[in-house]
Amino acid sequence: MSGESRRRGRAEKSSRSKKQRVIRSAEEEIESKLGFDLFSEGDKRLGWLLTFAPSSLEDQDTGKVYSCIDLYFVTQDGSSFKSKYKFRPYFYAATKDKMETDVEAYLRRRYEGRIADIEILQKEDLDLKNHLSGLRKTYLKLSFDTVQELMNVKSELVHVVENNWAKSDAAEAYDSILFGKREQKPQDFLECIIDLREYDVPYHVRFAIDHDLRCGQWYDVSVSSTGVTLEKRKDLLQRAEVHICAFDIETTKLPLKFPDAEYDMIMMISYMVDGNGYLIINRECVGEDIENLEYTPKPEFEGFFKVTNVKNELELLKLWFSHMREVKPGIYVTYNGDFFDWPFIETRAAYHGFKMSDEVGFQCDKNQGECRSKFACHLDCFAWVKRDSYLPQGSHGLKAVTKAKLGYDPLEVNPEDMVRFAMEKPQMMASYSVSDAVATYYLYMTYVHPFIFSLATIIPMSPDEVLRKGSGTLCEMLLMVQAYKANVVCPNKHQSDPEKFYSNRLLESETYIGGHVECLESGVFRSDLPTSFRLDPSAYDQLINNLDRDLQYAIQVEGKMELESVSNYSDVKNAIMEKLIRLRDEPVREEGPLIYHLDVAAMYPNIILTNRLQPSSIVTDEVCTACDFNRPGKTCLRKLEWVWRGEVFMAKKSDYYHLKKQIESEFVDSGNVRSSKSFLELPKLEQQAKLKDRLKKYCQKAYKRVLDKPVTEVREAGICMRENSFYIDTVRSFRDRRYEYKGLNKVWKGKLTEAKSSGNSIKIQEAQDMVVLYDSLQLAHKCILNSFYGYVMRKGARWYSMEMAGVVTYTGAKIIQNARLLIEKIGKPLELDTDGIWCALPGSFPENFTFKTRDSKKLTISYPCVMLNVDVARNNTNDQYQTLIDPVKKTYKTHSECSIEFEVDGPYKAMILPASKEEGILIKKRYAVFNDDGTLAELKGFEIKRRGELKLIKVFQVFVSIVWLLFFAGHLLLNKVYTSVIDPNLVI
DNA sequence: TTTTGAGACTGG
DNA sequence: CGAACCAGTCTCAAAA
């Protein structure tokens, strides 16, 4: 059908669809202007999926509207196209047992023309009793033509289900009482709907999951009369060369105020497109014409800028908009553009009578604090810095980030001087403006782009969302993907019970005990300054006795080698033995300490994986009783402890109910006198808040305090070792993904050393860049990996479990405390925090040894590390780990699992632990550590971090000088001097 | 005057 | 609508 006849065809439709057509064509027009023509006919195309968004399309013949997904592709030659994929949104409904077909028929009648289809299918429901025996839950899959229709039906049914739950006891509804097939009234069929699932999965996410579609991947796209076909090209791994535009504006502002787009102006806009710089100068604000300029802070960060001088802001905006339409960027990059640059431009454009969305397709959402378009990405580097960079809060400005991540000092101008400088020192301001664009562009290219598009290939969301969503949401998306693949139906979002009681009193809050932190020493420890040790000879005896066992563990488990293949076993053993014997025989000694840091790599994820911990694995006796595998002597139930902590109101339960009755009969004035409402008419959440307020006041009056002191309680959680493994599978694959980056980081570190010895400066630079890149990728993945633990306690998590979070942290706390117990006897623990322990071992303690094999391989071990790992393995190996071997026969294989392992770094030259101003109080989470060459290895906890780099250097110097000072001072003096002199926060 | 609580920020 | 977690330090202000 030609465009002409299509237009005519549509024009005959009702006025409503006419309006829609106008909107549609406006969208199509702007998308076409910016490079995304609809691919509606012709040969198969190869495209790299840039982004996707929910949309709708109109049937050309019937005029009916359908929801669809708009897919935006970039081709190999840098051009782009768009494709519309029709997809029915759906959700699931569960009914009372055996009522599925009746309810289906009823719903079809009731929602005729609104529900497109209903399918009855079986899903793995991990809440279903005895589901491991192969029992599945039947769900009705209700599909719709549009998202709107889904929402309408959903909101009706949500109420129906709520009422049904309120009516019948929850347990009763679930335990599915047998139901006779008698004649039912329509009302009764509604009563049979007992649950809805997955109704709040965003439409585009649903699509990406179901069609296994991800951004950042290549697809063969073809269109036919039946629709669009996509085929993933797994052979193509390189990212497409999408046009990327990083931009930054400078604006006028009033003294000591933030720029206000209502009356301030854009002075200049600088931007880089695919490495080429541009600068548009608004001569209203800038003193003279600016010539083309270069700002290249580092050889690898080139910035050549073509400058255009225009007479005013209007011309500036026009030129920029038209240039954007010319280069058609697929990705716009800013630094805080969500909050500043985009909204400012939008407002200024509106002031001049333009709509920014008509010009470049971007629109700001002030509520969300986002600026987005449907077809192109806006990737705000600030979002990456906040969530993924691991930089401290105080280093989130572009200047600090540039220094930390790009490794050069950017130009800086005091904001108060900018407007004046634009007139008086225009050249300087031009350079400054350009420098921000350069920093933003290269920050994006080196870090944000690889990270976001690497994640986008596994997370079923657009790059904009992958960048901006919280780490827990990303975890949840990965879990939903895995659940879908395993045919597991997702639970609904968790809601906390607002009326929970503990020992007859209302719970204000409840949680679990987290990581374990201790500080055991304060003062200065220097490797060349003798420290007194009082060792425990019996502990050394034990090390000696266990030496064979420990070394064999190191060879077989850590090194994954055959004991027989080692040729120098006894040499190593004797060397260690000798040292241990000397320490045992002279346990009180004065020696330069070995300052070590021993920490468990990815502790929480590995605790999860070792113990097969998943929210749905947490089982009660009731669950086990219903399970077919529940036999005497079963090994599939693993019991682990955790510590619960709750805070309760002082008032008794009866007082609470009394107050509740009272308040429920009251009226609340909602501002104006006329419309005073009954308390019960208020939203549930508000009711709860008001009631809690009342309770607080009552407690204050009656008990002189609101809350009792927190109660803790050791609890036991049962963990099913056979539960469907989709959760741990997700965690494992993400952990391994991070290990890959860690491995690559190591590889490039090797290449860097190689390059350095060869002296090839280009290769050194390349290797340096790769080391930094992989370290950054590794770090960013760490944040999301750890969120798989935190996620289970997230508000609104689909897979929620306080027990699981508690078990994770309690298991971790035991590990680190056991490590301390051992180190206490053989050396001196200094500080421990959650997964790591800083300690001083006697200088003559055995350290690193290398096993040689007969086929001339080498295995270097760290004895202190091995010693701890044997302990960890003995205490934490899970011998009950079960894996499903035959899904049909339901047979499992049991094996032992322990991936919890200590890693070691050190020894270091010195460690400084500050003391409190009050005597005898040690301070946790704060210390400084120095390398042998005198450089700072770690500086933790001091807030000077946020007061800017310059001051950090000052503090650093203070530390260095104090270490020097103490070198000359006597040991006895040390702690005194230190205690009184160093309070790093006072230093400044 | 001391104690308590909220917040901002960091460690892991 | 959308939201990782808890542990700990320090500052500042309000309450006792």
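All chains are named by letter (A, B, ...) in the order of the sequence lines, taking the proteins before the strands, and each is independently numbered beginning at 1.
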Using the rule given for ring-ring contact (aromatic ring centres under 6.0 Å, His included), can you reason through A:F144 versus A:F91, listing the C-alpha separation, both sets of side-chain angles and the distance that settles it, and then say yes or no?
CA-CA 9 Å; A:F144 302 83; A:F91 66 86; 5.6 Å; yes

Classify the nucleic acid contact of A:I784 as base, sugar-phosphate or nothing, counting any heavy atom under 4.0 Å across all strands shown.
nothing

Please determine, for the side chain of A:K493, which listed nucleotide (C:dC10, C:dA3, C:dA7) has the closest atom?
C:dA3

To the nearest Å, how far apart are A:L922 CG and C:dT9 C1'?
14 Å

Nearest heavy-atom neighbours spanning A:P498 and A:Q688:
O-NE2, 3.5 Å

Between A:D338 and A:H378, does the side-chain hydrogen bond (donor to acceptor under 3.5 Å, both in side chains) criterion hold? Intermediate values first, please.
CA-CA 8 Å; A:D338 272 331; A:H378 166 218; 3.2 Å; yes

Please report, rounded to the nearest Å, how far the P atom of B:dC9 is from the NZ atom of A:K386.
13 Å

Taking A:H597 as the fixed residue, which of A:Y908, A:Y927, A:W838 is the one that meets the ring-ring contact (aromatic ring centres under 6.0 Å, His included) rule?
A:W838

Counting any heavy atom closer than 4.0 Å, what does A:G790 reach on the DNA or RNA strands: base, sugar-phosphate only, or nothing?
base

Could you tell me whether A:N367 contacts a base, only the sugar-phosphate backbone, or nothing, with contacts defined as non-hydrogen atoms closer than 4.0 Å?
nothing

Figure out the CG/P separation between A:L779 and B:dG11, and round it to whole Å.
13 Å

Looking at C:dC5, C:dA4, B:dG11, which one has an atom nearest to any side-chain atom of A:D833?
B:dG11

If I take atom CH2 in residue A:W838 and atom P in nucleotide B:dG11, what distance separates them, rounded to the nearest angstrom?
13 Å

On the ring face of A:Y447, is A:K405 found with NZ or CZ under 6.0 Å from the centre and within 45° of the axis?
yes

Between C:dA3, B:dG12, B:dT10, spot the one nearest the side chain of A:Q393, thanks.
B:dT10

Looking at the side chain of A:P392, which of C:dT9, B:dT10, C:dA7 is the nearest nucleotide?
B:dT10

Keeping the roles fixed (side chain from A:H516, backbone from A:I816), state whether a donor-acceptor pair exists under 3.5 Å.
no

Has A:R645 got a side-chain N or O lying under 4.0 Å from the OP1 or OP2 atom of C:dA7?
yes

Taking any heavy-atom pair under 4.0 Å as a contact, classify A:T834: base, sugar-phosphate, or nothing.
sugar-phosphate

Select one nucleotide: of C:dG2, C:dA7, B:dG11, the one nearest the side-chain heavy atoms of A:V517.
C:dA7

Just to be sure I understand the rule, does A:Y927 reach a base, reach only the sugar-phosphate, or reach nothing, if contact means heavy atoms closer than 4.0 Å?
sugar-phosphate

Are any of the side-chain nitrogens in A:D708 or A:R505 under 4.0 Å away from the carboxylate oxygens of its partner?
yes

Give one of base, sugar-phosphate or nothing for A:F788, where a contact means two heavy atoms less than 4.0 Å apart.
nothing

Stepwise side-chain hydrogen bond (donor to acceptor under 3.5 Å, both in side chains) test for A:S471 and A:S787:
CA-CA 6 Å; A:S471 59; A:S787 297; 2.8 Å; yes

A:T511 near the nucleic acid: base, sugar-phosphate alone, or nothing, with a heavy-atom cut-off under 4.0 Å?
sugar-phosphate

Regarding the side chain of A:Y512, the nearest nucleotide among C:dC6, B:dG12, C:dA4 is C:dC6

Compare the minimum distances between each of C:dA7, C:dA3, C:dT9 and the side chain of A:I513, then state the nucleotide with the smallest one.
C:dA7

When the distance from CE of A:M461 to P of C:dA3 is rounded to whole Å, what number comes out?
8 Å

Base, sugar-phosphate, or nothing for A:K924, non-hydrogen atoms under 4.0 angstrom?
sugar-phosphate

Taken to the nearest whole Å, CD1/A:I921 to P/C:dG8 is 14 Å

When only distance counts, do a donor and an acceptor, one from the side chain of A:K925 and one from the base of B:dG11, lie under 3.5 Å apart?
yes

Does any residue of residues 598-610 of chain A have a heavy atom under 4.0 Å from DNA chain C, and if so, which ones, in number order?
none

Could you list by number each residue of residues 463-474 of chain A showing a heavy-atom separation from DNA chain C of less than 4.0 Å, or answer none if no residue does?
A:K469, A:G470, A:S471, A:G472, A:T473

Between A:L520 and A:P829, which heavy-atom pair has the shortest distance, and what is it?
CB-O, 3.5 Å

Step through it carefully: locate the ring centre of A:Y502, locate the ring centre of A:W644, and say whether they are under 6.0 Å apart.
yes

Round to the nearest Å and state the distance from A:K704 atom NZ to C:dA15 atom P.
17 Å

Roughly, in whole Å, what's the span from CD in A:Q700 to P in C:dA16?
6 Å

On DNA chain C, nearest-nucleotide positions of A:G515 versus A:A797: which is more 5'?
A:A797

Taking all non-hydrogen atoms of both residues into account, name the closest pair between A:C519 and A:E521 and its distance.
SG-O, 3.3 Å

